[in-house]
Amino acid sequence: MHSGFLLLLWFVGVASVQFLPSAGLGVVVAACLLLALGLSRARVVRLLRRVRVLAVAIVVLFGWFTPGEALLAEWPNLSPTREGVAMALVHVGRLVVVVSAVALLLERLPLERLVGGLYSLARPLRLIGLSARDVALRLLLVLRFVDASPRGAEPMHWKEWLRDEANDDALSPIELVRERFGRGDVAAACALVVLALGWGMA
């Protein structure tokens, strides 16, 4: 399947999570997290560590700054509100789903195909004067250095890039993969359009 089409499906899936009711969100969070831990444990753990400060900030902002009933009745002035904690859990759950989806995407789709898919999706931006090729190449460079270590290894520290004795042979030539849409991609896209139209008219 075309990498651009896979990315489009990924974007739709991640965006649809933002509209899930809180009742079904817990099941989706658990399923995504278990799937990511099973298929991309090292990567998802590393990404979750990077967003832990954001998760704490979400809990503090919603829990203590949302009006409502105090969660700890004995200390109402120090306690977060029930409504704020509920909202914080929803937003943290959505964040976990997105992080798990990113880990699975990076684990299963090579960087060259990932950037090639983004290049295909960004090509219409040339109508406003933005070069999709330049955007794709810069993104590929960033992803290579940010995620330079192989699977299961410790991530490379940015200071390593500045050392003169760094092995220049490790940097392979940059190749921008451009894929063609196949019949299966067109058929799947048409099926999705029909389903979307049917759901919208229901």
Side-chain angles (χ1 to χ4, degrees), residues 1-63 66 68 71 80-118 120-121 139 142-143 146-147 149-155 179 182 184-202:
M1 185 174 287
H2 193 280
S3 57
F5 188 62
L6 288 174
L7 281 174
L8 186 60
L9 292 177
W10 183 88
F11 285 132
V12 172
V14 170
S16 63
V17 174
Q18 310 304 316
F19 302 98
L20 282 178
S22 56
L25 183 60
V27 178
V28 175
V29 171
C32 291
L33 189 57
L34 289 176
L35 187 62
L37 289 173
L39 300 178
S40 179
R41 183 180 182 85
R43 194 185 299 274
V44 73
V45 170
R46 185 164 67 245
L47 291 177
L48 287 173
R49 287 176 179 173
R50 292 176 180 176
V51 300
R52 64 184 183 275
V53 176
L54 177 59
V56 172
I58 290 174
V59 172
V60 172
L61 289 176
F62 282 96
T66 301
L71 186 62
T81 62
R82 295 182 183 273
E83 294 80 1
V85 170
M87 293 177 63
L89 290 177
V90 169
H91 287 283
V92 171
R94 290 172 178 170
L95 177 63
V96 171
V97 170
V98 172
V99 169
S100 301
V102 169
L104 290 171
L105 180 67
L106 294 178
E107 188 75 17
R108 297 302 167 183
L109 195 63
L111 289 182
E112 286 73 15
R113 289 197 65 200
L114 173 63
V115 177
L118 289 174
S120 299
L121 296 178
L139 179 60
V142 171
L143 290 176
V146 169
D147 198 34
S149 59
R151 295 179 182 177
E154 292 295 326
E179 304 177 25
D185 300 319
V186 176
C190 292
L192 287 176
V193 170
V194 171
L195 288 175
L197 291 176
W199 179 78
M201 296 176 62

On a heavy-atom basis, which atom in [X] and which in [Y] lie closest, and how many Å separate them?
X: V90; Y: S22; result: CG2-CB, 3.9 Å
X: E107; Y: L39; result: CG-O, 3.7 Å
X: A55; Y: V92; result: O-CG2, 4.0 Å
X: A36; Y: L104; result: CA-CD2, 3.8 Å

Checking R46 side chain against R43 main chain: does a donor-acceptor pair fall under 3.5 Å? no
Which residues satisfy the side chain to side chain donor-acceptor pair (under 3.5 Å) test with T81, sequence neighbours excluded? none
Pairs of donor and acceptor atoms involving the side chains of residues 93-101, under 3.5 Å and at least two apart or interchain, shall be tabulated with distances.
{"from": "R94", "atom 1": "NH2", "to": "Q18", "atom 2": "O", "distance (Å)": "3.0"}
{"from": "S100", "atom 1": "OG", "to": "V96", "atom 2": "O", "distance (Å)": "2.8"}

With sequence neighbours left out, the residues meeting salt bridge (charged side-chain N to carboxylate O under 4.0 Å, His left out) with R41 are none
Taking it one step at a time, do L37 and V45 satisfy side chain to side chain contact (heavy atoms under 4.5 Å, CB included)? CA-CA 8 Å; L37 289 173; V45 170; 4.2 Å; yes
Say you draw a straight line from NE2 of H91 to CG of L25; how long is it, rounded to the nearest 0.5 Å? 10.5 Å
